Amino acid sequence: MKAVQARTGLLCGAAFAGLFTAFLCYPGWAQDGVATDVGTFDADTAAKLYPAKRPYSPWAGRNFPSRPFFGDTHLHTSFSMDAGAFGARLGPADAYRFAKGDEIMASSGQLAKLSRPLDFLVVADHSDNMGFFPDLLAGKPELLADPLGRKWYDMMQSGQGAAAAVDIITAFGAGKFKGPILYSPDSTAYRGAWQATIKAAEEANEPGRFTAFIGYEWTSNTGGNNLHRNIIFRDNGDRASQVVPYTTLPPGSDNPRDLWKWMAGYEDKTGGSVLAIAHNGNLSNGRMFPMIEPGTNSPIDREYAEIRNKWERLYEVTQIKGDGESHPFLSPNDEFANFERWDKGNLDLTVAKTPDMLEYEYARSAFKNGLKLEEKLGVNPYKFGLVGSTDAHTGLTAVEEDNFFGKTSSSEPGAERASHPFIKQGDRVIMGWEQMASGYAGVWATENTREALFDAMQRRETYATTGPRMLVRFFGGFDFEASDANTRSPAISGYTKGVPMGGDIGPAPAGKVPTFLVAALKDPIGANLDRYQIVKGWLDAAGEVHEKVYDVAWSGDRKPSGDGKLPPVGDTVDIANATWSNTVGAPELISVWKDPEFDGAQRAFYYGRVIEIPTPRWTAYDAKYFGRDMPAEAAMKMQERAYTSPIWYNP
């Protein structure tokens with residue numbers, strides 16, 4: 001369906017943004033919201049206030065989310081031992097200042113600033129050995145008395161910080177942290193680092209303007225297989241300070257079940273709330289979304305499914321270490337699946353990737369296997385929403401293609417960063433150019449507070465972007481009509497006739513099939529949009545899972561070919577000059593789509609994927625700025641995208 005074109009000249013303000021009832025040109029603006037972020041239209045309240053009919057003002061009487069808030073749920077600072085070894089010298093307070101829009105000096109000695117402030121940030125430093133690196137850098141005697149501590153200190157002093165960081169990660173994964181280099185959570189240094197983390201978040205938090213979440217990263221990495229989770233507190237410091245983060249080394253555990261017990265214990269002890277976001281799984285070597293529980297020979301059971309479903313409401317689908325939506329091996333008919341792949345091995349490349357691992361690492365296959373498990377167990381452990389975040393180890397949430405400060409401080413902007421190996425183990429190597437400038441989380445909440453944003457995350461009303469701040473709506477139900485797309489505020493129909501992203505529909509009323517109201521608006525300083533797609537997965541009567549990608553709204557007058565594929569949108573990228581033009585694509589897309597192959601007896605999920613027109617990749621900007629040629633195999637352009645949380649159909 002052809003895109004609805006925006007009115008000429010209305011690139012700012014409510015007129016253009018009315019499609020989402022948001023004010024795009026004022027990222028710091030926050031509405032007067034209600035205390036509880038329910039995410040639904042308060043029809044009862046409206047009826048009492050305006051019994052005759054709705055008020056003249058279409059914005060009056062609402063309490064559903066009217067704008068997304070953009071942020072990062074996964075940022076490391078110098079408090080993380082690997083980040084510090086890689087050269088990070090910025091602490092949590094610096095990270096919050098940068099996210100709020102301040103210009104600061106990066107660890108590499110370069111000035112850095114975001115194009116626009118973010119709305120929220122989680123500083124998620126590693127729980128294991130929190131506080132270790134500042135002491136190592138300072139040459140604390142007991143650390144230098146340990147052979148490994150001395151080795152890493154000497155490496156950093158001789159300019160081998162990056163190699164030291166890789167060695168630290170490998171040693172941690174191999175369980176070699178013992179004695180004085182193992183900082184126990186009950187140690188004074190550890191507790192001091194945690195209190196400093198809480199203090200930085202409390203001081204940076206400004207309800208209504210900027211949200212600084214308290215959080216950390218639980219870093220299960222046994223055998224180099226990445227099973228990390230980011231832990232986010234809904235609460236203020238008075239509750240978060242009653243505990244210390246859960247570690248993977250003793251007295252903690254590398255088993256997710258034990259982390260979930262810790263989370264339950266925190267809530268029981270404090271009356272607070274906490275959630276976990278699974279780290280992107282493409283470096284887990286088939287362990288992030290298992291059918292056989294890791295460490296056992298037993299299939300996933302109902303208890304595992306129930307507990308994971310309760311605590312892990314979101315998944316980090318895209319970040320600097322590659323994209324985790326799908327893979328061409330898993331989705332050979334998806335023309336956009338071959339995107340920013342990191343598929344050579346586990347986190348430290350000590351074990352090579354094999355094709356049989358891929359099914360248990362990517363979001364789309366997890367959604368499909370979740371349908372299987374729900375049919376068998378009655379609970380879906382992989383019923384999660386989607387966010388993007390950076391996992392930057394620099395203290396900087398800078399992942400715009402023309403403002404990319406890298407994964408680590410050793411890969412901050414420099415003439416050689418693309419051509420040097422980032423990770424190398426034997427003949428397996430990930431080059432610097434393979435770092436991905438991604439991503440951010442979009443959260444549909446009623447106001448910019450810890451409580452409202454956390455509640456929106458809990459109900460999965462979130463989406464991931466690879467960096468651009470495009471606005472994306474996705475509603476599902478059974479009563480949407482084409483006329484619902486002919487409005488500047490589709491959210492009214494979306495919330496009154498259906499459910500938003502992250503919700504459930506079904507069973508289908510007699511004679512009806514799922515319909516979806518989709519809408520997307522370009523980043524106001526970014527690229528036009530190519531298309532809006534819906535990805536469907538379903539479980540058939542024989543217990544087999546399937547998937548299909550549908551183009552539901554697109555720019556221009558393109559017509560699908562005989563195989564159902566749309567012609568490319570066009571390409572205006574000038575790689576040599578790192579420029580492009582918005583002469584192709586559309587500023588907004590909106591449509592209503594009805595599932596043409598619906599079977600009411602089959603479990604299914606649907607999620608939205610919004611694709612931008614081609615634009616220069618960060619490697620093109622580096623080549624232009626530094627006047628250097630990139631490696632021949634380096635990607636120089638890309639199509640940025642967003643992924644919504646699914647809507648699940650239950651028969």
Side-chain angles (χ1 to χ4, degrees), residues 220-229 256 277-302 304-305 308-309 312 314-319 321-347 349-377 379-386 428 464 535-549 602-607 609 643 645-646 648:
S220 177
N221 194 48
T222 303
N225 299 317
N226 187 319
L227 293 177
H228 303 178
R229 268 79 167 178
I277 303 177
H279 191 293
N280 68 318
N282 58 325
L283 302 180
S284 71
N285 272 13
R287 296 168 67 91
M288 181 56 80
F289 304 114
M291 301 294 276
I292 303 296
E293 187 170 357
T296 75
N297 292 318
S298 302
I300 295 298
D301 60 19
R302 183 180 175 91
Y304 178 101
R308 184 161 183 168
N309 178 281
E312 300 195 0
L314 299 176
Y315 172 58
E316 181 183 277
V317 71
T318 188
Q319 60 132 285
K321 296 200 299 294
D323 197 76
E325 185 221 0
S326 195
H327 187 282
F329 178 82
L330 303 170
S331 303
N333 297 321
D334 181 356
E335 62 188 303
F336 292 102
N338 188 16
F339 180 66
E340 297 287 350
R341 291 187 286 125
W342 278 38
D343 56 3
K344 299 174 183 177
N346 56 357
L347 181 61
L349 296 184
T350 54
V351 180
K353 188 80 66 190
T354 56
D356 59 292
M357 298 174 179
L358 297 172
E359 179 182 346
Y360 311 106
E361 297 187 342
Y362 287 83
R364 192 184 305 175
S365 53
F367 290 144
K368 291 194 293 185
N369 283 335
L371 300 180
K372 284 184 179 180
L373 290 168
E374 186 171 23
E375 183 78 6
K376 176 183 176 183
L377 303 174
V379 181
N380 184 348
Y382 306 137
K383 196 171 184 179
F384 49 78
L386 298 178
R428 290 184 288 276
V535 179
K536 177 187 177 182
W538 69 97
L539 180 71
D540 68 20
E544 298 298 321
V545 288
H546 308 270
E547 66 175 64
K548 190 168 183 178
V549 180
Q602 296 176 343
R603 298 183 185 278
F605 64 82
Y606 305 81
Y607 66 88
R609 183 172 67 181
Y643 312 115
S645 295
W648 287 267

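Side-chain atoms are counted along with the backbone in the values below, which use heavy atoms only and exclude waters and symmetry mates. Quick caveat, the model's predicted, so the values are computed rather than measured. One-based numbering along the sequence shown.
With R229 contributing its side chain and L227 its backbone, the two residues share a donor-acceptor pair below 3.5 Å. Using modelled atom types, one side-chain atom of S645 and one backbone atom of L386 make a donor-acceptor pair closer than 3.5 Å. Formation of a donor-acceptor pair under 3.5 Å by the Y382 side chain with backbone atoms of R364 is not found in this model. For the pair N282 (side chain) and K321 (backbone), a donor-acceptor distance under 3.5 Å is present. The backbone N or O of N285 sits less than 3.5 Å from a side-chain atom of E361, completing a donor-acceptor pair. Here the side chain of N309 pairs a donor or acceptor atom with the backbone of N380 at under 3.5 angstrom.
Between K372 and L539, the shortest heavy-atom contact is CG-CD1, 3.9 Å. Looking at every heavy atom in both residues, S331 comes nearest to E547 through OG-OE2, 2.8 Å. The heavy-atom pair separating P381 from L373 by the smallest distance is CG-CD1, 3.6 Å. Taking each heavy atom of L377 and A305 in turn, the nearest pair found is CD1-CB, 4.0 Å. Taking all atoms of both residues into account, the shortest heavy-atom contact from A363 to V317 is CB-CG2, 3.9 Å. Across all non-hydrogen atoms, the minimal contact from Q602 to W538 is OE1-CD1, 3.2 Å.
Using cut-offs of 30° and 60° for the angle between ring planes, the F384 and F367 rings count as tilted. Below 30°, between 30° and 60°, or above 60°: for H327 and F329 the angle between ring planes is above 60°, a perpendicular geometry.
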Problem - Worked check of side-chain contact (heavy atoms from CB on, under 4.5 Å) between F289 and E359 - result: CA-CA 8 Å; F289 304 114; E359 179 182 346; over 6 Å; no
Practice task
Report the C-alpha separation of I300 and R308 in whole Å, then their side-chain angles, then the decisive distance to 0.1 Å, and conclude whether the side-chain contact (heavy atoms from CB on, under 4.5 Å) test is met.
Solution key: CA-CA 11 Å; I300 295 298; R308 184 161 183 168; over 6 Å; no
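Note that the CE atom of M357 and the CG atom of D343 stand 12.0 Å from one another [nearest 0.5 Å]. Atom NE2 of H279 sits about 9.0 Å away from atom OH of Y315, to the nearest 0.5 Å. Note that CD of E325 and OG of S365 are 10.0 Å apart. Values are rounded to the nearest 0.5 Å. The distance from atom OG of S326 to atom CZ of R609, rounded to the nearest 0.5 Å, is 8.0 Å. One distance of note links NE2 of H546 with NZ of K536; it measures 10.0 Å at 0.5 Å rounding. Separation of atoms CG (N225) and CZ (R287) is listed at 5.0 Å; rounding is to 0.5 Å.
The side-chain heavy atoms of Y304 and S298, taken from C-beta on, include no pair separated by under 4.5 Å. For the pair Y643/D323, a side-chain contact is recorded, criterion being any heavy-atom separation below 4.5 Å from C-beta on. Two residues are said to be in side-chain contact when any heavy atoms from C-beta on lie closer than 4.5 Å; L347 and H228 meet this criterion. Looking at L358 and K353, their side chains come closer than 4.5 Å, going by heavy atoms from C-beta outward.
Side chains of N346 and T350: a donor-acceptor N/O pair is present below 3.5 angstrom, by distance only.
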